[in-house]
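To keep things clear, I will list the structure first and then write my remarks on it.
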Protein chains: 2
Amino acid sequence: MQALPVQTAELKADQDIVREGDHPTRCCVLLEGLACVYKLTAEGRRQIMAVQVPGDIPDLQSLHLNTLDNSVGTLTPCRLGFISHDAIRELCRAHPRIGGILWRETLVDAAIFREWMLNLGRREAYGRLAHLLCELVARLRAVGLVQDDTCDLPLTQAELGDILGLSTVHVNRTLQELRAAGLITLRGGSLTVDDWAGLAAAGEFDPAYLHLQPRRT
Amino acid sequence: MQALPVQTAELKADQDIVREGDHPTRCCVLLEGLACVYKLTAEGRRQIMAVQVPGDIPDLQSLHLNTLDNSVGTLTPCRLGFISHDAIRELCRAHPRIGGILWRETLVDAAIFREWMLNLGRREAYGRLAHLLCELVARLRAVGLVQDDTCDLPLTQAELGDILGLSTVHVNRTLQELRAAGLITLRGGSLTVDDWAGLAAAGEFDPAYLHLQPRRT
DNA sequence: CGAATACTTGATTACCTTCAATACGCGTGG
DNA sequence: CCACGCGTATTGAAGGTAATCAAGTATTCG
């Protein structure tokens with residue numbers, strides 16, 4: 001897998017990597033930074049469907065769906081790797097197990113979508129935000145980006161709103177509630193979970209849907 | 001593909017086919033009726049993540065994810081076919097193209113999840129309901145279950161609420177608005193789209209995300 | 001025909017949005 | 001070094017969408 005031809009690129013924050021309607025001939029692997037999958041309504045309101053952390057492949061679906069039905073953009077400065085569809089298809093043909101692993105990746109993405117739907121549809125702001133923070137910490141931890149319950153999370157409140165389907169103002173007030181409850185510390189792009197049990201309870205967070213593998217070196 | 005060993009079963013409405021936490025060893029194909037993928041919050045509020053129409057495979061993901069992270073239940077009386085994971089894996093090994101087709105199916109499901117997230121997060125009740133109805137009609141049409149802009153849609157308002165993240169009462173009022181606007185007729189489990197352009201505009205519906213194939217006989 | 005389920009309606013309340021203004025933080029340039 | 005400017009965060013007030021509560025009315029089905 002290391003042998004794959006990869007082109008790398010660096011992007012600034014808030015740049016599109018691919019756009020809805022594109023017909024990509026390659027996939028991108030996020031190597032560093034945070035990216036997101038999003039769509040816009042006709043009035044220009046943005047909904048972020050997924051936050052991608054290093055190691056994720058935001059547009060792996062394009063391997064089997066010609067037309068992209070969402071955009072992918074950076075949230076922070078990012079380092080990306082691009083791999084052509086042809087190379088991936090070749091790899092899957094030569095090593096069917098890798099095909100299965102990639103398929104599985106897309107299924108885990110879908111599992112996260114489902115959980116987010118529960119979050120959007122049935123939890124109010126407080127639990128919704130708590131759940132999101134639990135998930136992000138869990139996923140960042142899985143790729144080694146959390147130390148002592150602290151991680152970089154340089155998202156603006158507007159971006160959190162676009163993830164949660166809330167206004168910036170309400171994100172601000174809800175964050176204050178979480179802080180007042182002693183659950184988190186979030187400032188300067190750094191998040192610390194001060195009370196994991198409390199935060200998980202507030203967000204009804206059960207990481208089963210992430211289908212995390214037991215960690216391997 | 002016809003040669004696969006399939007067990008069929010008939011279920012009444014409102015029955016679980018598989019439950020969150022299960023470790024299935026087979027997949028189910030919906031042959032007749034409507035089913036749904038759902039989860040419950042701790043307080044027992046239900047969010048429906050997907051409505052399955054005949055031809056869909058609600059738990060195809062279980063092929064690569066051992067633990068099911070959602071439940072699947074019937075919405076109406078259903079006829080189901082069950083196929084063992086082993087048989088499907090064997091088929092994929094023998095015919096890699098079928099593996100790709102199944103993978104694609106799961107990717108289309110994910111594309112629908114994304115669109116629903118936009119719906120839940122960024123559209124208000126009127127547009128949200130309009131969008132849902134557009135999608136259901138489009139998908140039912142694709143499997144030949146729509147005649148003259150009319151189809152069976154025996155969903156209760158409570159179920160529509162569980163799909164849309166709305167209360168039953170509000171679904172009721174929003175349906176009345178759609179009727180008053182002359183867009184739809186819905187009663188007795190039968191839906192007629194009286195003004196497709198109007199309904200699609202209300203829901204900002206663009207079927208691209210469904211990735212429908214040009215119809216084959 | 002009666003019970004159960006689904007639908008409808010009105011009144012009240014809660015959550016969240018919007019609008020508007022202010023404060024803070026940080027990098028740039030004078 | 002400090003002033004300025006810009007983006008982000010915070011705060012208050014007002015308004016709107018949708019939830020909840022509580023009846024009451026249709027339908028469906030045994």
Side-chain angles (χ1 to χ4, degrees), chain A residues 12-15 34 41 43-47 74-77 118-133 152-180 184-191 202-203, chain B residues 12-15 34 41 43-48 74-77 119-132 152-181 184-191 202-203:
Chain A
K12 291 183 222 157
D14 297 312
Q15 308 239 289
L34 291 177
T41 64
E43 314 87 60
R45 307 178 53 148
R46 177 168 75 157
Q47 177 67 43
T74 60
L75 291 168
T76 68
L118 183 64
N119 219 21
L120 282 171
R122 290 303 186 198
R123 281 198 263 263
E124 52 192 41
Y126 187 80
R128 208 185 291 180
L129 180 50
H131 187 282
L132 173 69
L133 295 177
D152 282 342
L153 196 71
L155 300 178
T156 66
Q157 295 179 359
E159 287 164 341
L160 289 171
D162 286 347
I163 295 170
L164 297 168
L166 296 172
S167 68
T168 307
V169 171
H170 204 62
V171 168
N172 183 289
R173 292 179 170 135
T174 308
L175 277 173
Q176 291 182 49
E177 288 185 66
L178 289 175
R179 286 193 269 246
I184 61 163
T185 305
L186 174 60
R187 49 162 282 113
S190 175
L191 170 69
Chain B
K12 292 183 222 157
D14 297 313
Q15 308 239 289
L34 291 178
T41 64
E43 312 87 60
R45 306 179 56 152
R46 178 168 74 157
Q47 177 66 44
I48 291 175
T74 59
L75 291 167
T76 68
N119 219 19
L120 282 171
R122 290 301 187 198
R123 282 197 263 261
E124 53 193 42
Y126 187 80
R128 208 185 290 181
L129 180 50
H131 188 281
L132 173 69
D152 282 341
L153 197 72
L155 299 178
T156 65
Q157 294 179 359
E159 287 164 342
L160 289 172
D162 286 347
I163 295 170
L164 297 169
L166 297 172
S167 69
T168 307
V169 171
H170 203 62
V171 168
N172 182 291
R173 293 183 169 131
T174 309
L175 276 172
Q176 292 181 49
E177 288 184 66
L178 288 175
R179 285 192 270 246
I184 61 163
T185 305
L186 174 59
R187 47 164 284 114
S190 176
L191 171 69

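Lettering of chains follows the sequences in order, A, B, ..., and the numbering in each one begins at 1. Only a predicted model underlies this, so the values are computations on that prediction, with no experimental measurement involved.
When each of B:Leu186, B:Val171, B:Leu166, B:Thr174 is tested with B:Gln157 by the rule side chain to side chain contact (heavy atoms under 4.5 Å, CB included), just one qualifies, namely B:Val171.
Between the A:Gln47 side chain and the A:Ile163 main chain, a donor and an acceptor come within less than 3.5 Å of each other. Between the side chain of A:Thr74 and the backbone N or O of A:Pro77 there is no donor-acceptor pair closer than 3.5 Å.
Taking only side-chain nitrogens and oxygens, A:Arg187 never comes nearer than 4.0 Å to OP1 or OP2 of C:dC26. Residue B:Gln176 places no side-chain N or O under 4.0 Å from the OP1 or OP2 atom of C:dC7. An OP1 or OP2 oxygen of D:dT10 is reached within less than 4.0 angstrom by a side-chain nitrogen or oxygen of A:Asn172.
Atom-to-atom distance recorded for B:Leu153:CG and B:Ser190:OG is 8.5 Å, nearest 0.5 angstrom.
Residue order along DNA chain D, read from the 5' end via each residue's closest nucleotide, puts A:Arg179 first among A:Arg122 and A:Arg179. Both A:Gly188 and A:Leu166 sit near DNA chain C, but only A:Leu166 has its closest nucleotide nearer the 5' end.
Heavy atoms of B:Gly165 sit under 4.0 angstrom from primed sugar atoms or phosphate atoms, though from no base atom. Residue contacts shown for B:Arg45 are limited to sugar-phosphate atoms, with no base heavy atom under 4.0 Å away.
Going from atom CG of A:Leu186 over to atom P of C:dC24 covers 18 Å, rounded to whole Å. With rounding to whole Å, A:Leu175 atom CG is found 7 Å from D:dT10 atom P. The distance from atom CG of B:Leu120 to atom C1' of D:dA18 is 14 Å, rounded to the nearest whole Å. The CD atom of B:Glu159 sits 14 Å away from the C1' atom of C:dC7 (whole-angstrom rounding). Here the P atom of nucleotide C:dT8 and the CD atom of B:Glu177 are 13 Å apart, to the nearest Å. Taking atom CZ of residue B:Arg123 and atom C1' of nucleotide D:dA18, one finds them 18 Å apart after rounding to whole Å. Protein atom NZ of B:Lys12 is 10 Å distant from nucleotide atom P of D:dG30, rounded to whole Å. What separates CG of A:Leu164 from P of C:dT17 is a distance of 10 Å, to the nearest Å.
Side-chain proximity of A:Ser167 to C:dT18, C:dC7, C:dT8: nearest is C:dT18. If you check C:dC16, D:dA18, C:dT18 against the side chain of B:His170, the one that comes closest is D:dA18. Checked against D:dC21, C:dC15, D:dA9, the side chain of B:Val169 finds its nearest nucleotide in D:dC21. Of the listed nucleotides (D:dA19, C:dT8, C:dC16), C:dT8 has the atom at the smallest distance from the side chain of B:Gln157.
The pair A:Arg45-A:Asp162 does not count as a salt bridge, with every side-chain nitrogen at least 4.0 angstrom from each carboxylate oxygen.
One donor-acceptor pair, N or O on each side, does fall under 3.5 Å between the base of C:dG10 and the side chain of B:Arg173.
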